[in-house]
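To keep things clear, I will list the structure first and then write my remarks on it.
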There are 2 protein chains.
Amino acid sequence: MDVSCCPSLTEQRVPAEAAAVLAPAFKALGDPVRLQLMSMIASAESGEICVCDLTPAFDLTGPTISHHLRTLREAGLVDAERRGTWVYYRARPALLGQLAALLTVAPEVNA
Amino acid sequence: MDVSCCPSLTEQRVPAEAAAVLAPAFKALGDPVRLQLMSMIASAESGEICVCDLTPAFDLTGPTISHHLRTLREAGLVDAERRGTWVYYRARPALLGQLAALLTVAPEVNA
DNA sequence: AGACTGTCTTGACGTCTGTCGAAACAGACA
DNA sequence: TGTCTGTTTCGACAGACGTCAAGACAGTCT
C-alpha cells in the first residue's frame with residue numbers, strides 16, 4: 001500500500017485514500033506522551049531504546065506506556081523486538097519522512 | 001509561546017512543553033476529513049478557499065464540516081475570515097512548517 | 001523446577017470525539 | 001423590513017480514547 005509519497009499538502013489536495021492511510025499516523029502523534037515517546041525512540045543513539053528506559057520518563061503506569069507504544073506500532077511508526085528480558089523499540093523513518101514531506105511548506109514556491 | 005521550532009524529532013527528545021503545544025496540531029491532522037480539508041485550504045490557488053467549496057466535497061453535513069474547521073482553527077493551522085456572505089479559510093504556514101521540521105528525518109545525517 | 005523481574009493483555013471507567021438534526025446568527029437581496 | 005441563503009452553535013448519541021488495577025506471559029537466575 002504505497003500512498004502517494006511526495007507531493008506536499010500545499011501542492012495538491014490529498015486524495016481520500018492517502019488521507020485514510022496518513023491520518024492515523026498523525027493521530028498517533030497527536031498525544032503528548034506518544035510524541036515524546038516517538039522522539040525518544042527516534043533520537044536514540046543506538047537506533048533503538050529499551051522500554052525500561054521509556055517507562056520511568058513519565059508519570060504513567062507500565063500498562064499505559066505499553067498501550068501508547070502499541071498505538072505507535074500499529075500506526076507503523078515504530079518496530080518492537082524482544083531480546084531477552086527487555087523489549088527494544090526502533091523508529092521506522094519511512095513513514096515519518098512521508099508525513100514530513102506532506103507537511104513541508106513548498107520550499108521554493110513563493111517564486 | 002515559541003516552542004523550540006527547529007530540531008528534528010530524530011535529533012533530540014521533544015521536551016514536554018513542546019509536546020504539549022505540538023501534539024494538538026498533529027491530533028487535528030489526525031482525522032482523514034480534516035487532513036483533506038487542510039490540504040484543500042493549503043493548496044488553494046488564491047491562498048484561500050470558501051467554505052462553500054469545502055462542504056460539497058464530502059458526504060457530511062454542513063455542521064460537521066464546520067466542526068472540523070473549528071478544530072483546525074483552534075489548533076492554529078488555519079485562519080477564517082468572513083467576507084460578505086461567505087467565509088474564507090486560509091492556511092497558516094508557520095505551524096505547518098514547524099510540524100514538518102519536527103518530523104523531518106535528518107536530511108544529511110546518515111553521514 | 002521454581003521464583004522473580006519485566007512487559008503486555010484484559011477489563012473497566014470516565015472523558016473526549018465525530019456525527020447528526022434543530023435552532024441561532026450574519027449578510028444579501030427584494 | 002422581511003425573507004432567503006450560508007455558516008456556526010447547541011444538544012444529543014454512539015463509539016473511540018487515555019488511564020489504571022489485576023492478571024497473563026516471556027525470559028532469567030538460583
Side-chain angles (χ1 to χ4, degrees), chain A residues 14 16 19-41 44 46 48-90, chain B residues 14 16 19-41 44 46 48-90:
Chain A
V14 174
V21 175
L22 266 8
F26 281 121
K27 187 188 215 169
L29 259 14
D31 179 281
V33 172
R34 284 195 297 266
L35 191 53
Q36 288 181 81
L37 282 171
M38 185 71 224
S39 85
M40 289 177 77
I41 295 169
S46 61
E48 59 185 14
I49 189 169
C50 175
V51 173
C52 60
D53 289 326
L54 261 16
T55 305
F58 301 87
D59 263 352
L60 294 170
T61 64
T64 297
I65 296 296
S66 181
H67 161 69
H68 285 306
L69 288 171
R70 186 205 320 222
T71 301
L72 252 17
R73 223 185 311 139
E74 288 176 346
L77 289 164
V78 303
D79 247 344
E81 183 192 355
R82 170 160 228 139
R83 223 153 49 233
T85 304
W86 290 282
V87 177
Y88 294 87
Y89 278 80
R90 180 192 323 269
Chain B
V14 174
V21 175
L22 267 8
F26 282 121
K27 187 188 215 169
L29 259 13
D31 179 282
V33 172
R34 286 196 296 266
L35 191 53
Q36 288 180 81
L37 281 171
M38 184 71 225
S39 85
M40 290 176 77
I41 296 170
S46 60
E48 60 185 14
I49 189 169
C50 174
V51 174
C52 60
D53 289 326
L54 261 14
T55 304
F58 301 87
D59 264 351
L60 294 171
T61 64
T64 298
I65 296 297
S66 181
H67 161 70
H68 284 306
L69 288 172
R70 190 216 303 235
T71 302
L72 252 17
R73 223 184 309 137
E74 289 177 345
L77 289 165
V78 303
D79 247 343
E81 182 192 355
R82 170 159 228 140
R83 224 156 46 235
T85 304
W86 289 281
V87 176
Y88 293 87
Y89 277 80
R90 181 193 320 271

- The side chain of His68(A) lies closest to which of these nucleotides: dT19(C), dT7(C), dG18(D)? dG18(D)
- Gap between atom OG1 of Thr71(A) and atom CG of Leu29(A) - 0.5 Å precision: 11.5 Å
- Looking across every strand, which nucleic acid part, if any, lies under 4.0 Å from Ile65(B) by heavy atom: base, sugar-phosphate, or nothing? nothing
- Query: In residues 24-33 of chain B, which ones come under 4.0 Å of DNA chain C, going by heavy atoms?
  - Reply: Lys27(B), Asp31(B)
- Item | Sequence neighbours excluded - side chain to side chain donor-acceptor pair (under 3.5 Å) pairs with any residue from residues 52-64 of chain B | Thr61(B)-Thr64(B)
- Message: Strictly below 4.0 Å: does Thr61(A) bring a side-chain N or O up to OP1 or OP2 of dT19(D)?
- Response: no
- Item | Between CD1 on residue Ile65(A) and CG on residue Leu60(A), distance to nearest 0.5 Å | 5.0 Å
- Message: How long is the straight-line distance from NZ of Lys27(A) back to CZ of Phe26(B), given to the nearest 0.5 Å?
- Response: 15.5 Å
- Query: Is the distance from OP1 or OP2 of dT7(D) to the nearest side-chain N or O of Ser66(B) less than 4.0 Å?
  - Reply: no
- When the distance from CG of Leu69(B) to P of dT19(C) is rounded to whole Å, what number comes out? 12 Å
- Message: In dot-bracket form, 5' to 3', how is DNA chain D paired? Count Watson-Crick and G-U wobble pairs only if both distances fall under 3.5 Å, and write | where the partner sits on another strand.
- Response: ||||||||||||||||||||||||||||||
- Query: Looking at CG of Leu72(B) and NE2 of His67(B), how far apart are the two atoms once the value is rounded to the nearest 0.5 Å?
  - Reply: 10.5 Å
- Message: Applying a 4.0 Å non-hydrogen cut-off, can you work out what Arg34(A) is touching in the nucleic acid: base, sugar-phosphate, or nothing?
- Response: sugar-phosphate
